[in-house]
*Asks:* 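Questions regarding the structure given below will be posed in turn.
Atoms considered below: every heavy atom in the structure, side chains included; atoms not considered: hydrogens, waters and symmetry mates. Throughout, protein chains are lettered first and strands after them, A, B, ... in sequence-line order, and every chain is numbered starting at 1.
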Amino acid sequence: MAVSGWLLAKTPAANRQSPAAWSKTMADKYIPQDIEPKWQKRWEDTEIYKTGPADKRPKYYILDMYPYPSGAGMSVGHAHNYVPPDVVARTYRMRGYNVLHPMGFDAFGLPTENAAIKEKVNPHELNEAYSANYVRQFKLMGLSYDWSRLFNTAHPSFYRWTQWIFVQLFESWYDPRKDKASPVAELEQELRERGSGDIHDYIDSHPAHVGAIGKTTQPVTAAEWNAMSRKQQNAYLMGFRLAYRADSMVNWDPVDKVVVANEEVDAQGRAWRSGAVVIKKTLRQWFFRITAYASRLVEDLSIVDWPDKIVSMQRNWVGKSMGAEVDFVIDDGRRGGSEAATGDGAEPSSVSRLPSIRVYTTRPDTLWGATFMVLSPEHPLVAQITTEAQREAVEAYIAKAKAETDESRTDESKAKTGVFTGAYAINPVNNERIPIWIADYVLMTYGTGAIMAVPAHDQRDFEFARKFGLPIVQVVAAEGGKGNGIGLTEAYEAKEGVMVDSGPITGTPAGKPSIDAAIAFCEEGGVGKRRVNYRIRDWLISRQRYWGTPIPIIHTADGEVTVPDNELPLRLPEVENYEPTQTGESPLATIPDYVEVKDSNGNIIGHRETDTMATWACSSWYFLRFPDPFNDKAAFNYDELKYWMPVDMYVGGAEHAVLHLLYSRMWTKVLFDLDFVPFTEPFMRLRNQGMILAPEKVIDEHGRAIFEKMSKSKGNVITPDEVVAEHGADALRAYEMFISDFAATVPWSTQGVPGVRRWLDRVWRIALSADEDKGTPQKFTARELRRAAHQTIQRYDRDIESFGFNTIISGMMEYTNMLFKARDAGLAGTPEWAEAIDILVRLLAPVAPHMAEELWERMSGGYSIHQQSWPKFDAAAAREDEITIPVQINGKVRDRLVVAVDTDEDTIKQLAVASDGARRYINGTPPKQVIYVKGRLVNIVV
RNA sequence: GCCGGAGUGGCGGAAUUGGCAGACGCGCGCGACUCAAAAUCGCGUUCCUUCGGGAAUCUGGGUUCAAUUCCCAGCUUCGGCACCA
């Protein structure tokens with residue numbers, strides 16, 4: 001009761017105080033839990049982060065790779081992805097840019113679907129629940145997304161346009177002569193009038209365009225085309241379309257019961273989601289013809305500012321190599337041997353009725369050293385050329401190869417295996433008769449599935465030749481020397497040296513000169529030509545699953561046609577059961593209402609495609625949707641796109657290097673070719689964040705102490721929720737910035753957050769209660785205070801450009817320390833002090849938006865700090881008046897000079913030589929040299 | 001094997017790109033305040049030292065007045081690709 005009485009007595013007096021005075025006496029403690037929810041609500045109510053349409057201001061589009069929401073929610077590792085870009089977005093807003101900083105959800109795909117099956121909950125419901133939880137966490141961290149633009153890729157208003165783009169791809173082909181995508185209608189007209197000969201000829205003479213049309217697509221004449229049925233024509237067009245359906249050897253994931261793309265399988269043959277070893281199956285699947293864009297995907301890497309690592313990964317993935325294709329005629333056995341040949345690359349006298357075997361080689365100059373050929377066991381000519389005597393052995397080998405997993409088959413350490421087919425080919429450059437073998441070290445998926453073997457100069461061919469006793473002929477010799485290849489213990493790298501025993505190119509330096517000479521020789525003889533080869537294969541997009549964007553295709557008696565535009569979106573049917581089938585068919589195939597397409601009389605006129613698109617389709621264009629996210633007339637508004645795109649800064653994980661980041665580039669180029677978008681690259685700058693590991697070391701299977709990834713199953717996840725609850729969102733944000741270099745992988749430190757929290761407490765105290773708790777008196781001038789403030793602005797501005805978030809925080813910590821020093825020197829209350837605190841709060845706004853808002857309100861009574869301008873850097877204020885110049889003798893610091901900043905060079909040199917520290921080492925003799933680096937140091941050489 | 005990163009105190013990391021190595025923070029130690037603790041504040045904290053200094057940025061060379069930074073060789077480590085013809 002006594003206490004209450006005291007309070008009652010005091011209250012009227014307190015009420016008479018001004019709010020400012022009240023704040024100084026009563027509200028000095030920083031309690032983030034009190035202020036953060038208050039400001040988050042106010043920001044939302046007043047929509048201060050909402051971005052308007054295109055305007056006259058310079059724009060800045062900063063995008064985080066949108067997340068795939070999971071039931072586990074976000075960890076502090078996810079927060080590390082999103083906080084630094086938010087700081088950049090907030091800084092650019094205060095600098096006067098029109099900033100687009102949106103968020104969306106990548107919702108379709110296996111994890112949600114698998115969770116739905118396991119928990120027996122509809123994936124639509126799970127999607128909404130997971131996404132809502134992510135939004136809650138984002139808001140908890142004070143992230144300044146424009147929530148009015150939030151979308152979810154599993155909503156029909158979004159996937160309707162994913163389907164529209166699919167249709168554009170289906171109705172387009174890559175015209176190699178224009179080097180761009182063009183309407184299939186134009187192609188059909190050309191086929192009607194002229195056939196496809198011109199297109200094939202063009203590709204033949206422009207090897208970089210090998211991917212423009214299907215490998216097995218043969219030329220047709222106009223007459224042949226016009227004689228085809230519509231069904232045959234549609235089948236033929238599949239060899240051209242940018243979205244096409246084909247039988248293909250695919251990676252089948254037996255756990256998820258679905259096919260996966262090459263990009264989704266690691267080097268051990270495991271699917272990246274399920275971790276299951278994939279099985280090779282031949283299935284009819286939908287693909288996007290990314291190989292048509294192989295060349296441009298490599299070239300345009302030069303116009304983007306991306307991490308070297310990602311650029312090189314994309315280059316390697318596309319895997320462009322230069323070489324030649326050479327045709328080897330199969331010897332039909334009616335000839336005795338090479339004596340029948342006429343030489344000079346002319347046709348052998350006995351022309352084989354069998355087709356020739358085409359090989360791809362990057363070293364056509366070593367043709368004269370080709371002593372045998374090797375075909376992949378899957379090569380289509382194997383059955384045809386195998387002799388009766390060898391048939392049993394060959395078939396047994398093929399059966400064995402088929403049974404093996406890719407993992408064991410491509411194990412390099414394993415000894416070479418293979419079988420002779422009994423057939424021979426004629427080496428076209430020297431008419432030597434060489435045996436044809438099959439071996440699993442030759443892959444059907446690369447090049448032509450057949451090689452010429454040059455054992456003297458290729459390690460694999462060498463091992464094979466040694467094992468099976470095949471001849472080894474050396475055709476490259478080190479300068480001045482020559483060997484016969486006998487007694488070699490390993491293949492000799494054909495990188496340098498000179499060609500020997502190589503007919504017309506003998507004596508040519510090995511390398512580009514010999515390769516060019518060999519290609520010229522082959523082209524002249526009509527046996528081969530220059531060729532570009534790409535490692536990349538077409539992008540497999542179809543999935544035998546329910547939870548994805550339905551593919552808008554109808555199979556009719558005449559072949560595949562698209563779902564008419566006015567019937568889009570083709571909606572996912574609401575069903576009870578969406579479990580994958582045992583047959584490998586999509587669950588949609590079991591729903592007659594969905595599958596059957598009927599005319600107005602109820603007659604079935606076609607069947608809908610039942611595969612859905614992999615979620616990569618959604619993420620390949622979602623960034624194009626944010627500028628006009630709810631347009632129901634078009635996928636995007638051209639004017640808004642033109643203003644906002646390309647993305648200025650894209651931030652996300654490096655794990656998407658050859659997935660999303662490659663696919664998005666292809667789609668952007670297609671849309672550019674079709675005049676839908678006015679740019680060829682979607683992301684001008686890209687930055688990858690590092691991973692945050694769990695804080696505790698554990699002992700791995702090798703007995704080493706290591707840090708692990710955070711994972712729900714290991715129970716080592718630290719959530720932003722728990723950090724915010726204890727120290728507030730601002731401390732979490734500051735620590736996410738401060739923890740390490742942005743791109744570095746580093747363990748979370750539980751002691752780090754209290755560290756930055758202490759800094760924020762100090763900021764709070766110095767901003768609000770500068771006249772309390774004075775420390776020991778200091779010497780610090782108003783001039784020095786201004787200098788510290790403006791140097792901090794300068795450092796912030798520099799560091800934010802280079803993504804140096806950790807040094808932004810350390811710079812602001814140093815500035816805070818200096819403010820305490822200035823306070824102890826009695827500067828509080830001066831005009832310079834007011835400016836210094838004003839700058840502090842503005843610089844703090846992007847980093848600790850809640851605290852900055854609270855401080856701003858208490859200091860100025862205004863709202864909102866986030867709509868204030870960025871502090872202007874004053875170079876004069878930042879300039880040093882005096883500088884300390886270290887004096888070195890032979891590179892070692894022996895003294896220091898404190899001089900006015902504009903002291904001239906001669907004076908500084910004289911002072912340096914005369915300094916006590918220097919004189920002790922000079923010993924009277926004149927120095928050999930005195931070097932002065934302006935404003936840095938003096939080095940005296942004695 | 002090929003491609004691309006990275007190696008700096010007990011820890012996370014700075015160093016204006018050739019110019020004072022170790023900013024800032026964590027941790028630790030000492031001290032102030034306190035009956036005490038917490039919080040807070042102050043001081044110290046690369047190593048060796050005979051207190052003059054000396055040695056240090058993965059190792060060994062090199063260029064330079066000067067190297068964490070550039071060059072050569074090697075080691076370790078992370079990521080990617082890989083019987084790619």
*Asks:* For rG25(B), does OP1 or OP2 lie under 4.0 Å from any side-chain N or O of Ser810(A)?
*Replies:*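 It does not, given that no N or O in the side chain of Ser810(A) lies less than 4.0 Å from OP1 or OP2 of rG25(B).
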*Asks:* Base, sugar-phosphate or nothing for Val941(A)? Non-hydrogen atoms, less than 4.0 Å.
*Replies:*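 The residue Val941(A) makes sugar-phosphate contact but no base contact.
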*Asks:* Out of rC41(B), rA85(B), rG4(B), which nucleotide sits closest to the side chain of Ile451(A)?
*Replies:* rA85(B)
*Asks:* Can you tell me how far P of rU40(B) sits from CG of Asn817(A), to the nearest Å?
*Replies:* 14 Å
*Asks:* In whole angstrom, give the distance that lies between atom NE2 of His727(A) and atom C1' of rA39(B).
*Replies:* 13 Å
*Asks:* Quick one: does Thr816(A)'s side chain have a donor or acceptor within less than 3.5 Å of a partner on Met812(A)'s backbone?
*Replies:* yes
*Asks:* Examine the side chains of Ser376(A) and Tyr441(A) and answer whether a donor and an acceptor come within less than 3.5 Å of each other.
*Replies:* no
*Asks:* Have a look at rU17(B) and give me syn or anti from its glycosidic angle (syn if within 90° of zero).
*Replies:*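 Base orientation relative to the sugar is syn.
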*Asks:* Base, sugar-phosphate alone, or nothing: which one does Asp461(A) contact when heavy atoms must sit under 4.0 Å apart?
*Replies:* nothing
*Asks:* Taking only the side-chain nitrogens and oxygens of Arg535(A), find out if one of them lies under 4.0 Å from OP1 or OP2 of rA82(B).
*Replies:* yes
*Asks:* Between rA85(B), rC81(B), rA23(B), which nucleotide gets closest to the side-chain atoms of Tyr360(A)?
*Replies:* rA85(B)
*Asks:* With a sphere of 6.0 Å drawn around CE of Met818(A), does it hold more than 12 non-hydrogen atoms of other residues, nucleotides or ligands?
*Replies:*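 For Met818(A), atom CE is crowded (more than 12 foreign heavy atoms under 6.0 Å).
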*Asks:* How many Å lie between CH2 on Trp317(A) and P on rG79(B), as a whole number?
*Replies:*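 The answer, rounded to whole Å, is 17 Å.
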*Asks:* Step through it carefully: locate the ring centre of Phe468(A), locate the ring centre of Phe372(A), and say whether they are under 6.0 Å apart.
*Replies:* no
*Asks:* Determine whether any donor atom in the side chain of Asn939(A) lies under 3.5 Å from an acceptor atom in the base of rC65(B), or the reverse, and answer yes or no.
*Replies:* yes
*Asks:* Is there a side-chain polar atom (N or O) of Tyr446(A) under 4.0 Å from OP1 or OP2 of rA85(B)?
*Replies:*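 The answer is yes; a side-chain N or O of Tyr446(A) sits under 4.0 Å from OP1 or OP2.
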*Asks:* Pick out which of Asn81(A), Asp741(A), Thr745(A) makes a side chain to side chain donor-acceptor pair (under 3.5 Å) with Gln689(A).
*Replies:* Asn81(A)
*Asks:* On RNA chain B, does the nearest nucleotide to Val265(A) precede the nearest nucleotide to Thr807(A) from the 5' side, or the other way round? Give the residue.
*Replies:*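 Nearest-nucleotide comparison on RNA chain B picks Thr807(A).
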*Asks:* Of the candidate nucleotides rG13(B), rA85(B), rG25(B), which contains the atom at the shortest distance from the side chain of Val746(A)?
*Replies:*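 Closest of the options to the side chain of Val746(A): rG13(B).
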*Asks:* Consider the side chain of Arg936(A), meaning its heavy atoms from C-beta on, and name the nucleotide among rU16(B), rG25(B), rA14(B) that approaches it most closely.
*Replies:*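 The listed nucleotide nearest to Arg936(A)'s side chain is rU16(B).
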*Asks:* Where does rG74(B) fall, syn or anti, if syn means a chi angle no more than 90° from 0?
*Replies:*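 Anti, since the glycosidic angle lies more than 90° from 0.
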*Asks:* Under a 4.0 Å N-O cut-off, is there an ion pair linking Arg765(A) with Asp761(A)?
*Replies:*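 A salt bridge is absent here (no side-chain N lies under 4.0 Å from a carboxylate O).
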*Asks:* By the 4.0 Å heavy-atom rule, please label Asp308(A) as base, sugar-phosphate, or nothing.
*Replies:* sugar-phosphate
*Asks:* Between Asp305(A) and Arg687(A), is there a salt bridge with N-O shorter than 4.0 Å?
*Replies:*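 Yes.
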*Asks:* If the P atom of rC28(B) is compared with that of rU76(B), how far apart are they to the nearest Å?
*Replies:*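 Result for the P pair: 35 Å, nearest Å.
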*Asks:* Which is true for Asn533(A) with a 4.0 Å heavy-atom rule: it touches a base, it touches only sugar-phosphate, or it touches nothing?
*Replies:* nothing
*Asks:* Counting side-chain heavy atoms from C-beta on, which of rC41(B), rA85(B), rC3(B) comes nearest to Asn316(A)?
*Replies:* rC3(B)
*Asks:* Taking the side chain of Ser312(A) as its heavy atoms from C-beta onward, which of rA14(B), rG4(B), rC83(B) lies nearest to it?
*Replies:*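 Ranking rA14(B), rG4(B), rC83(B) by closest atom to the Ser312(A) side chain puts rG4(B) first.
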*Asks:* Under 4.0 Å, counting only non-hydrogen atoms across every strand here, what does Gly752(A) touch: a base, just sugar-phosphate, or nothing?
*Replies:*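 Nothing, no nucleic acid heavy atom in range.
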*Asks:* Determine which pairs satisfy salt bridge (Lys or Arg N to Asp or Glu O under 4.0 Å) with at least one residue from residues 790-802 of chain A, sequence neighbours left out, and list them in order.
*Replies:*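 For residues 790-802 of chain A: Arg95(A)-Asp797(A), Arg95(A)-Glu801(A), Arg795(A)-Glu814(A).
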*Asks:* Please check the phosphate of rA14(B) (OP1 and OP2 only) for any side-chain N or O of Asn806(A) closer than 4.0 Å.
*Replies:* yes
*Asks:* Can a side chain N or O of Arg823(A) be found less than 4.0 Å away from OP1 or OP2 on rC41(B)?
*Replies:* no
*Asks:* Under 4.0 angstrom, heavy atoms only, what part of the nucleic acid is Ile931(A) near: base, sugar-phosphate, or nothing?
*Replies:*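 The answer is base, as Ile931(A) lies within the cut-off (heavy atoms under 4.0 Å) of a base atom.
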*Asks:* Taking any strand in view, what nucleotide pairs with rA32(B) in a Watson-Crick or G-U wobble way, both distances under 3.5 Å?
*Replies:*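 Result: rU40(B).
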*Asks:* With a 4.0 Å cut-off on heavy atoms, is Arg757(A) in touch with a base, just the backbone sugar-phosphate, or nothing at all?
*Replies:*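 Touches nothing.
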*Asks:* For nucleotides 50-56 of chain B, tabulate all protein N/O to nucleotide N/O atom pairs closer than 3.5 Å, reporting atom names and distance.
*Replies:*
{"unit_1": "rG54(B)", "atom_1": "OP1", "unit_2": "Arg894(A)", "atom_2": "NH2", "d": "3.3"}
{"unit_1": "rG54(B)", "atom_1": "OP2", "unit_2": "Arg894(A)", "atom_2": "NH1", "d": "3.3"}

*Asks:* Send over the distance from Ile809(A) CD1 to rA23(B) C1', rounded to a whole Å.
*Replies:* 15 Å
*Asks:* Under 4.0 Å between a side-chain N/O of Arg758(A) and OP1 or OP2 of rC41(B), yes or no?
*Replies:* no
*Asks:* Assign each of Ser321(A) and Ile310(A) to its nearest nucleotide of RNA chain B by heavy atoms, then name whichever residue's nucleotide is nearer the 5' end.
*Replies:*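 Of the two residues, Ile310(A) wins.
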*Asks:* Need the pair for rU63(B). Rule: Watson-Crick or G-U wobble, both distances under 3.5 Å, any strand; none if unpaired.
*Replies:* none
*Asks:* Hey, is rG9(B) sitting syn or anti, using the within-90° cutoff around 0?
*Replies:*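 Glycosidic conformation of rG9(B): syn.
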*Asks:* Taking only residues two or more places apart in sequence, or in another chain, which ones meet Thr417(A) in a side chain to side chain donor-acceptor pair (under 3.5 Å)?
*Replies:*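 Tyr397(A).
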*Asks:* The side chain of Gln751(A) is closest to which nucleotide in this list: rC26(B), rG13(B), rG19(B)?
*Replies:*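 Looking only at side-chain atoms, Gln751(A) lies closest to rC26(B).
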*Asks:* Indicate, with a heavy-atom threshold strictly under 4.0 Å, whether Arg315(A) touches base, sugar-phosphate, or nothing.
*Replies:* nothing
*Asks:* Between Glu325(A) and Lys529(A), is the closest basic N to carboxylate O distance under 4.0 Å?
*Replies:*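 Salt bridge flag = no for Glu325(A) with Lys529(A).
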*Asks:* Do Lys928(A) side-chain and rC65(B) base share a donor-acceptor contact under 3.5 Å?
*Replies:*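 There is none.
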*Asks:* Go ahead and name the base partner of rC47(B); Watson-Crick or wobble counts if both distances stay under 3.5 Å, otherwise write none.
*Replies:* rG54(B)
*Asks:* Paired with rA6(B) by Watson-Crick or G-U wobble geometry, both distances under 3.5 Å: which nucleotide is it?
*Replies:*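 By the stated definition (distances under 3.5 Å), rU76(B) pairs with rA6(B).
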